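Order of the sequence lines fixes the chain letters, A, B, ..., with proteins taken first and strands second; residue numbering starts at 1 for each chain. Computed from a prediction, not measured in an experiment: that's the story for all the values here. Computed from heavy atoms alone, side chains included, the values below leave out hydrogens, waters and symmetry copies.
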Amino acid sequence: AAPSSVATRLGWLSASDIAQLPDADKPPMDATCQGAWATPVPLNTPLGDIDVSNIEALANSLSYDDAGGTELSGGVRIAQGGRLLEADSGSISQDRNFGRFDGNVRIAQPGVLLTGEQAVVNINTSAGQLLSSEFVSQAMHAHGRAERIRRFSDGVLIIDRGIYTTCAPGSRVWSFEAKDIELNPNTGVGEVYSAKLRIHDVPILYLPYFRFPIDDRRQSGLLIPRFGNTNDGGFDLSLPIYLNIAPQVDATVTPRLLSSRGAMLETETRYLTKNFGSGELQAAILPNDQKTGDDRKSASLNQRADWENGWRARTSLNYVSDNFYFTDLGTDLNLANQTHQERIGEVFYDTPDWHFVARAQGFQTIDPDLLDVDKPYARVPQLLVSSERDRLPGWQRGLRAEVARFQRTIDDGSAPEINGTRIRLDPEIRYDYSQPWGYVRPAAKLSHLNYSLDGDGVTGRDNRSITVPTLSLDTGLIFERFANDGSSQVLEPRLYYLYAPNRDQSQLPNFDSAVTTFSYDQLFRDSRFSGGDRIDDANQVAVGLTSRWLDSDGFEHLQTSLGQIVYFRDRQVRLDPFTTPVDTSATSSYAGNVTLRANEETSFFADMLMDSEGGKLSQYSVGASYLPNTGDRLYNAGYRFRRDDPSIGQKAVSQTQLSFVQPMGPNWKVMGLWNYDIKEKESQEALFGVSYEACCWQVRLFKRSFIADAAANNSPTSDRSRDAVFIEIVLKGLAGFGTNVDTLFEQNVFGYNQLEHKKEGF
Amino acid sequence: CGFALRGSYTLPGVLNPIAVIGDDSATRKDLSASIIRAGGVISDAAPLRLHLTAERITRQTTSIDSRAKAAEYTLFFELEYQLRYPSGLPATPERIIRLRRTYQFDNTRIVGKFEEENTLIDDLRQQAVAQIMTQLTRLNADDLTPELDTPTDAPSAAPSTRSAADATPR
Amino acid sequence: LPEDAQQPVNISADNARFDEKTGKAVYRGNVVVIQGTLKVQGDTLTLRVDDQGALTTARTLGKPARYQQRTDPAKGLVNASADEIQFDHRTGSLVLIGNALLTQDGAKFSGPRIVYSTEKKQIEASGNSEQRVQLVFPPQARGEKKPSKDNASSFSETAQ
């Protein structure tokens, strides 16, 4: 008979075979592979607990000797709780622990099949060893062969002198041959020692070691070289290399060549300490940038520790050598438009009722246009105690107590330097009376703010403190009307009264406060500032109405809200009394938002602010998104309009946002992202990508143009808009995530992280 | 026009008591508080468990100022939940609540602005919890897929005690 | 048990016929044989004795015929059933033919034909075209478990 192909031996079903199977038995098929592995024990079979499930052996003949053990011959088949072993003949040791099998040996577990000529297996732990073996893993879409395969009781597979590929049998586009391949399902990591990577059986790359994800845990594996061209950096080639330094430490070292800037080295080291948690250290250096003439460096350390007994700690130290590091060398828009590099170390202690935080935080400002006065203060340190806020009915008491030392040096004379220590106490008492038809929630707070200031900007009273009571009453009713199909409409009128006397705060510094964005939710908050430097003066009542339309399952199809604040007194307290006038308007603008959901996939959002007189829209935004559950495509569109309104710190904006991922047949996919600024008549970010995906490899081509840096005094070395073209070749199942386009899309396209292909790795 | 003050807002008998399971303690606490406020009872030994299976908070730059610096961020809050039997078998399909809120950024007040983000996240969490509560109050016993005895040889861990009121066919 | 052979043999049946010349005794109708821990039940029992009157073979038919004996003081009872049970006293071997089933300490052997030697405690089972031999044994008792982190390569030497 014709030599049986790998496909028939190991159970590869073509798309037409699968089509004929009853639905229950259809193995999951990747459309790009036109087939799938079907292992003797389906992937989703529950693995019976070895200690509980019986061992069943079948054979043509069997001899059992009390002292010697059991000999089986002729179509031997041993099954136990989702594990299966077949062979021509075999023997089981007297104590029923070990079995030795010969001839057409096949060992199967859920989604895994190992075949070989001769095998020795521990029946209880199904650890074992197979000689001249072939293997299939459905979960990894992978198959291959090896001189020897050893399986350990914890499920780890070691493949000696083997070949591994995720391509369909018979069309082996790539494979790698290695002295030692280790697949660990517990950590989801595959490690390969002294491997030769072959494309169409031509060896193209020798790698002493590399690792790759073998399940869908998001881990970066061997990062295939990325090359492209940018108008600023020229030809851009990066070659990631993996170093497995120790069981708890691994590193990716990426030499990167930018033709118009020079050679640079980027490293990322990930480490796990025994009792100080885990972290990552990134560092990069571009010695002697040909365009700027100096060294470009960046470093960041992030570490998190959780000691389970309520103690946690986190640190994040970030540094860049110059203001334009990200705009010149970064490839990700979100990094490019960052204005600060945070340095923070914080320790948390949580108990069921109280939370303690001690933190030191500072920033390196990398926006060249920010004057010293606009730069953030460092909190060295900040100590914060806050009570656990549970929203249970009845009386509730709360306290937030904070003491912090604020420090900021002023070198450019943009303002006198004021530093100091601030103490803020916010004891609060609330009563929550809620019923199905509505709620009444009175609350009283006595805020105390105390500064002791120093620095040349301080004259005279360097010790200032104020104490301000704040009273609020939050009430609401809930009306409901049912239609006969079970759907219902809900009307929720809400009234929020807020009173706090005015205490002069014009002499108080602003260490960490900001004006919160005015919106419908803001109507019902007890402060118009975030941070701790101001205590609101207020005598106002906010009136709002929310209407919801729910279907019979309670799914909210439509929610509209509209509200306004009626002021009985001007708002004297401001962050910066010298630049912002007292707000004397009698009522706030109308604030509203709308959420329309046809189903869980299709939704439309809008929010808006309308001037109280004249009904002019001072700002509105609309957004629609379609995210089908098939998880292979998405469409987002949005528009944002803001009128210039310095009184609430609002700059004029008129920008559109479009993004889509559109599959074209099983292999091709087109994706795009376009943010256009109508006011400035320029596109801020435009990216178009085409990707061709075969069963085990994928190539992606992207053209991207974005505004890198529009600093008023344009940086001499980088021009305002950037164009980049780059290509990514990915060997599916080998190289994990972490391609820059994925992170860019993930951070700018809603729903991208839920696309189906993300789940299987590609 | 047919509107009346809402008469009842309680969980159906089959969800009383109920266990709430989720990694994020803040959402779990808020949901438990809402259930208690609606007259429900939280108990880990309940025959039905509400699993908060996924919670994602992502921040995206939604508008950029003329100097390519972030002018506005939008926070996306996504919460997935599912009702399951103690054995782990699902009683309802997994459902997702998606919400978004935009806030204006000010890179001269970044510490204050990130504090504002925490307030927004807390508001979004309340609104997501409120939507889950509305969906739970509309659930009735026959929406639950009955817990079929799984054919594994190991008996399901805890023999589920059925309260008399529950009409789920065995 | 080995001392079973010295125990008195008690055979009860609906009727019995003994043929001196051929040395063959045939019992019919819910036949029960008890000798020490040995117990055999069936519909018909045919005994053959040699010229000194010593038992040579015993053949029991039943739907099914049953056999029970404690062959090893350290082990549990051996239970067997089959359409036909042949016992050869001289070799001490029991042959089960037709839907043969034998269990001891939870291990269950089944198949068309099983040969069990009571002295050497050996079991030979062979299948045929329609029915194969099946062996089911319980998982390793917890106590005797090997240390869990055994290494595949180390134990491969021991198993050779």
Side-chain angles (χ1 to χ4, degrees), chain A residues 46 48-49 52-53 334 336-337 339-340 367 369-370 374 376 390-393 434 436-438 477-481 491 512-514 516-517 519 521 525 530-531 550 552-556 600 603 605 607 621 638 640 649-651 653 655 657 675 680 684 707-712 747-748 750, chain B residues 1-10 29-30 33-34 36-38 56 58-72 74 76 95-96 98-104 106-113 115-116 119-120 123 126 131 134-139 143 150 152-154:
Chain A
D49 177 353
V52 172
S53 34
N334 269 20
N337 64 27
T339 54
H340 295 81
D367 178 344
D369 289 344
L370 284 183
D374 293 330
D390 54 31
R391 291 178 162 86
L392 290 172
S434 22
W437 47 263
L477 291 174
I478 299 162
F479 295 91
E480 200 156 16
R481 172 173 67 174
L491 274 183
D512 68 355
S513 297
T516 52
T517 309
S519 66
D521 297 334
R525 295 198 188 116
S530 60
L550 314 165
S552 51
D553 295 337
F555 180 78
E556 190 173 277
E600 279 186 351
S603 52
F605 297 89
D607 60 42
S621 72
R640 204 163 284 308
Q650 181 177 283
K651 308 188 196 79
V653 165
Q655 291 177 10
Q657 270 198 330
N675 298 346
E680 306 287 338
Q684 289 159 342
I707 305 278
D709 177 272
Q747 288 172 352
N748 285 297
F750 171 52
Chain B
C1 54
F3 278 102
L5 280 175
R6 181 161 64 183
S8 75
Y9 188 68
T10 53
K29 262 191 197 119
D30 285 352
S34 298
I36 293 168
R37 261 209 314 275
R56 281 182 296 276
T58 45
R59 175 199 315 140
Q60 285 182 6
T61 311
T62 36
S63 84
I64 303 167
D65 66 20
S66 56
R67 296 178 30 256
K69 297 305 173 203
E72 255 172 25
T74 298
F76 293 91
R95 304 184 72 165
I96 183 166
R98 285 197 178 99
L99 293 165
R100 65 170 83 177
R101 283 295 178 276
T102 304
Y103 68 97
Q104 280 165 33
D106 174 352
N107 56 37
T108 66
R109 301 271 186 277
I110 57 168
V111 177
K113 277 300 172 182
E115 290 287 334
E116 177 179 353
T119 319
L120 272 178
D123 282 352
Q126 298 307 313
Q131 283 198 31
T134 309
Q135 291 177 9
L136 291 181
T137 55
R138 296 294 172 85
L139 193 78
D143 292 345
T150 49
T152 55
D153 34 35

Checklist line | Portion of B/R101 that has a non-hydrogen atom of chain A nearer than 4.5 angstrom | finding: side chain
Next item on the list: Could you tell me which portion of A/D553 (side chain, backbone, both or neither) has an atom closer than 4.5 angstrom to a non-hydrogen atom of chain B?
Entry: both
Note to self: Suppose we screen for salt bridge (Lys or Arg N to Asp or Glu O under 4.0 Å). Which residues come up paired with B/R6, at least two apart in sequence or across chains?
What the structure shows: none
Checklist line | Check ion pair B/R109-A/D512 (N to O, under 4.0 angstrom) | finding: no
Margin query: Quick check on B/S8 against chain A: is it the side chain, the backbone, both or neither that has a heavy atom closer than 4.5 Å?
Written below: backbone
Check: Taking every heavy-atom pair that is under 4.5 Å apart, which of B/G2, B/A71, B/G7 has the most such pairs with chain A?
Finding: B/G2
Item checked: Best-contacting candidate, B/T134, B/I110, B/I36, against chain A by heavy atom pairs under 4.5 angstrom -> B/I110
Note to self: Please classify the contact of A/P393 with chain B as side chain, backbone, both or neither, using a heavy-atom distance under 4.5 Å.
What the structure shows: both
Item checked: No-hydrogen, no-angle side-chain donor-acceptor test under 3.5 Å, A/Q657 and B/T62 -> no
Note to self: Less than 4.5 Å to any heavy atom of chain B: does that hold for the side chain of A/E600, its backbone, both, or neither?
What the structure shows: both
Notebook entry, point to check: Of the listed residues (A/E556, A/H340, A/R481), which shares the most heavy-atom pairs with chain B below a 4.5 Å separation?
Noted result: A/R481
Next item on the list: Name all residues meeting the salt bridge (Lys or Arg N to Asp or Glu O under 4.0 Å) criterion together with A/E480; count only those two or more places apart in sequence or in a different chain, and write none if there are none.
Entry: B/R138
Checklist line | Side chain, backbone, both or neither of A/I478 within contact of chain B (heavy atoms, under 4.5 Å) | finding: both
Margin query: Would you compute the distance between atom OG1 of A/T517 and atom CG of A/D607 and round it to the nearest 0.5 angstrom?
Written below: 10.0 Å
Notebook entry, point to check: Side chain, backbone, both or neither: which part of B/K29 has a heavy atom under 4.5 Å from chain A?
Noted result: side chain
Next item on the list: Below 4.5 Å from any heavy atom of chain A, which atoms of B/D123 appear? Answer side chain, backbone, both or neither.
Entry: side chain
Check: Does any non-hydrogen side-chain atom of A/F555 lie less than 4.5 Å from one of A/L550?
Finding: no
Item checked: Structural part of B/F3 lying under 4.5 Å from a heavy atom of chain A -> both
Notebook entry, point to check: Does the side chain of A/D521 pick up a donor-acceptor pair with the side chain of A/S519 at under 3.5 Å?
Noted result: no
Next item on the list: Below 4.5 Å from any heavy atom of chain B, which atoms of A/S621 appear? Answer side chain, backbone, both or neither.
Entry: neither
Notebook entry, point to check: For the candidates B/R95, B/R100, B/E115, B/E72, which exhibits the highest count of non-hydrogen atom pairs separated by less than 4.5 Å from chain A?
Noted result: B/R100
Margin query: Do A/T516 and A/S530 pair up side chain to side chain, a donor and an acceptor below 3.5 Å, judged on atom types alone?
Written below: no
Next item on the list: Please report the shortest heavy-atom distance between B/E116 and B/Y103, naming the atom on each side.
Entry: OE2-CB, 3.7 Å
Check: Can you tell which of A/R640, A/E680, A/R525 has the highest number of heavy-atom pairs within less than 4.5 Å of chain B?
Finding: A/R640
Check: What distance separates A/R391 CZ from B/D30 CG, expressed to the nearest 0.5 Å?
Finding: 5.0 Å
Note to self: So for B/S34, is it side chain, backbone, both, or neither that comes closer than 4.5 Å to the heavy atoms of chain A?
What the structure shows: neither
